[in-house]
Structure formats: structure tokens, C-alpha cells
Amino acid sequence: MRKIVSTGLIAGAFVFALASCNQKTDAVEEAQEVNEGMVEDTRMEEQKDDLSEFMTKAASGGMMEVELGKLAQQQAMNQQVKDFGTMMVNDHSKANDELKALAAKKSLVLPDSMSQDHMDHVKELRDKKGADFDAAYMDLMVEDHEEDVEMFEEASNNLEDAEAKAFASKTLATLRTHLNRAQEIDSTLQK
């Protein structure tokens, strides 16, 4: 018993030391690392890693979509862009809540903030206003939703977990709608 407790304390101190030394690691990577340490069976570990990677990236992307949607509601000049931002806030908030519930059910840790890449997108768009914001936001929404559709297609086809596959498939339909609408709006903006 004493050996187990001391081993646990040493492992805990090691994790804390790593976290303290590597403050640059972003929230998505930290969540994935926590999730990786939770399984011992090799086959189960691979499945859990795939599930963790998908869910942590989806969580970060969802947070960015909501944040940028709020920004679009405030800073966009074009009403279609403002309306698109509202759709992003509503749809991605709902998907984020579903993802959190699924992660809790699967005992997975999700990031509490966006990845550095996603934060960089938000910072970049915060400084833009009016037509400049509209063009940059819609360009990003097309690019981001193309990547999201690809990621969710892969998850809906390849994840082993049936509930996660169902979430990916259900969300994929919404993401395709978002992509189509983003492309439509983007094509109407003067650049």
C-alpha cells in the first residue's frame, strides 16, 4: 500500500513538474495528454486516443466558432454576415453542450480553452471592422468548415465508438449546411 501511494505521489509530482515547465502547451494538447494516460490496454488505448483527438479538436473548434460568431454579430457590416454569426453561436453552442455531455459519459477531458491556432484566428479578427471583418471572417469560415467537414466525415466513418460516430454524423449535416452558407455569403462580398 505504501508503495502504491508513493508511486502515485511521484507520478503526480512528475505531471505537475511537466505542466509547470511547459506553460506553452495549449489546452487541446493538455487534454489529450490527460486522456492518453487513462487506459492501459493497447487496443483500447488506440481507440481512446482517436476519440480523444477528435473530441478535443472538435471542442476547440466549437469554442472558436461561438467566439467568432459573437464577434460577427458585433463587428460585421453585412447583415448576412451578422446572421451567419448568430447561426454559429446557436448551432455550435448546442453542439458544444452535446460534446461535453458525451465526453463526460466517456470519461474524457476536454480543453477549457481554444488551441493556440484558434486563439490566433480570434485575435486576428478582433482588430478588423466592417467590410474588412466581413471578408476575413467569411474567408475563415469557408476554410474552417471545409476542415471541419473533413474531420467529422473521417470520425463518422472511422471512430470505433458508436455514440461518438453518431455525434459526428449528426453534426456533419449541420457543418455541411454551414459550409454551403459560408461559401454563398463569401462569394457575394466585395474583396
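Note that this is a predicted model, so its numbers are computed, not measured.
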K.L.:
For the pair Ser93 (side chain) and Asn90 (backbone), establish whether a donor and an acceptor sit closer than 3.5 Å, ignoring hydrogens and angles.
P.N.:
no
K.L.:
Find out if a path of hydrophobic residues (ILVMFWY) with successive side-chain heavy-atom gaps under 4.5 Å connects Phe133 to Val66.
P.N.:
no
K.L.:
Taking all heavy atoms of Leu51 and all of Ala164, pick out the closest pair and write down the distance.
P.N.:
CD1-CB, 3.2 Å
K.L.:
How about Glu160 and Asp50: do any of their side-chain heavy atoms sit closer than 4.5 Å?
P.N.:
no
K.L.:
About how many Å separate CG of Asp161 and CG of Leu108, when rounded to the nearest 0.5 Å?
P.N.:
8.5 Å
K.L.:
Could you tell me whether a side-chain N or O of His145 sits under 3.5 Å from a main-chain N or O of Met141, the two making a donor and an acceptor?
P.N.:
yes
K.L.:
Using only atom types and a distance under 3.5 Å, with no angle test, would you say the side chain of Thr188 pairs donor to acceptor with the backbone of Ile185?
P.N.:
yes
K.L.:
Can you establish whether the number of heavy atoms outside Glu146 located under 6.0 Å from its atom CD is more than 12?
P.N.:
yes
K.L.:
Would you check if the side chain of Asn157 reaches a backbone N or O of Glu153 as a donor-acceptor pair within less than 3.5 Å?
P.N.:
yes
K.L.:
Closest heavy-atom contact between Tyr137 and Gly85?
P.N.:
OH-CA, 3.7 Å
K.L.:
How far apart are the closest heavy atoms of Leu99 and Ala59, and which atoms are they?
P.N.:
CD2-N, 3.5 Å
K.L.:
Can you name the nearest heavy-atom pair linking Asp91 to Thr174, along with the distance?
P.N.:
OD2-CG2, 3.8 Å
K.L.:
State whether the number of non-hydrogen atoms from other residues, nucleotides or ligands found under 6.0 Å of Lys70 atom NZ is greater than 12.
P.N.:
no
K.L.:
Decide yes or no for Glu98 and Lys170: does some side-chain heavy atom of the first lie under 4.5 Å from some side-chain heavy atom of the second?
P.N.:
yes
K.L.:
For a 4.5 angstrom cut-off between non-hydrogen side-chain atoms, does Asp83 reach Gln79?
P.N.:
yes
K.L.:
Can Met64 be reached from Val89 by stepping across I, L, V, M, F, W or Y side chains whose heavy atoms are under 4.5 Å apart?
P.N.:
no
K.L.:
Determine the interplanar angle of the Phe152 and Phe167 rings, folded into 0 to 90°, and report it as parallel if under 30°, tilted if 30 to 60°, perpendicular if over 60°.
P.N.:
tilted
K.L.:
Rounded to the nearest 0.5 Å, how far apart are CG of Leu179 and CG of Leu172?
P.N.:
10.5 Å
K.L.:
Would you mind reporting whether Met114 and His121 have side-chain heavy atoms less than 4.5 Å apart?
P.N.:
no
K.L.:
If I take atom CE from residue Met77 and atom NZ from residue Lys128, how far apart are they, to the nearest 0.5 angstrom?
P.N.:
14.0 Å
K.L.:
Heavy-atom count around Lys165 NZ within 6.0 Å, excluding the residue itself: above 12?
P.N.:
yes
K.L.:
Please confirm whether the backbone N or O of Glu53 pairs with a side-chain atom of Thr56, one donor and one acceptor, at under 3.5 Å?
P.N.:
yes
K.L.:
Does a donor on one side chain sit under 3.5 Å from an acceptor on the other, for Arg126 and Gln75?
P.N.:
no
K.L.:
Where do Asn96 and Met63 come nearest, in terms of heavy atoms and distance?
P.N.:
ND2-N, 3.7 Å
K.L.:
If you measure from NE2 on His178 to NE2 on His92, what distance do you get to the nearest 0.5 Å?
P.N.:
5.0 Å
K.L.:
Restricting to non-hydrogen atoms, name the atom on Leu110 and the atom on Met55 that form the minimum distance, rounded to 0.1 Å.
P.N.:
CD2-O, 3.6 Å
K.L.:
Atom CZ in Phe84, atom CG in Asp186: separation rounded to 0.5 Å?
P.N.:
9.5 Å
K.L.:
Side chain to side chain donor-acceptor pair (under 3.5 Å) with Ser60: which of His118, Glu65, Gln116?
P.N.:
His118
K.L.:
Report, as yes or no, whether the 6.0 Å neighbourhood of atom CD on Gln183 holds more than 12 heavy atoms from other residues, nucleotides or ligands.
P.N.:
yes
K.L.:
Checking Glu184 against Arg181 for the salt bridge (charged side-chain N to carboxylate O under 4.0 Å, His left out) test, could you report, in this order, the C-alpha distance in whole Å, the side-chain angles of both residues, the deciding distance, and whether it holds?
P.N.:
CA-CA 5 Å; Glu184 289 170 6; Arg181 187 66 184 128; 3.0 Å; yes
K.L.:
Return the CG to CE distance between Leu68 and Met88, rounded to the nearest 0.5 Å.
P.N.:
10.5 Å
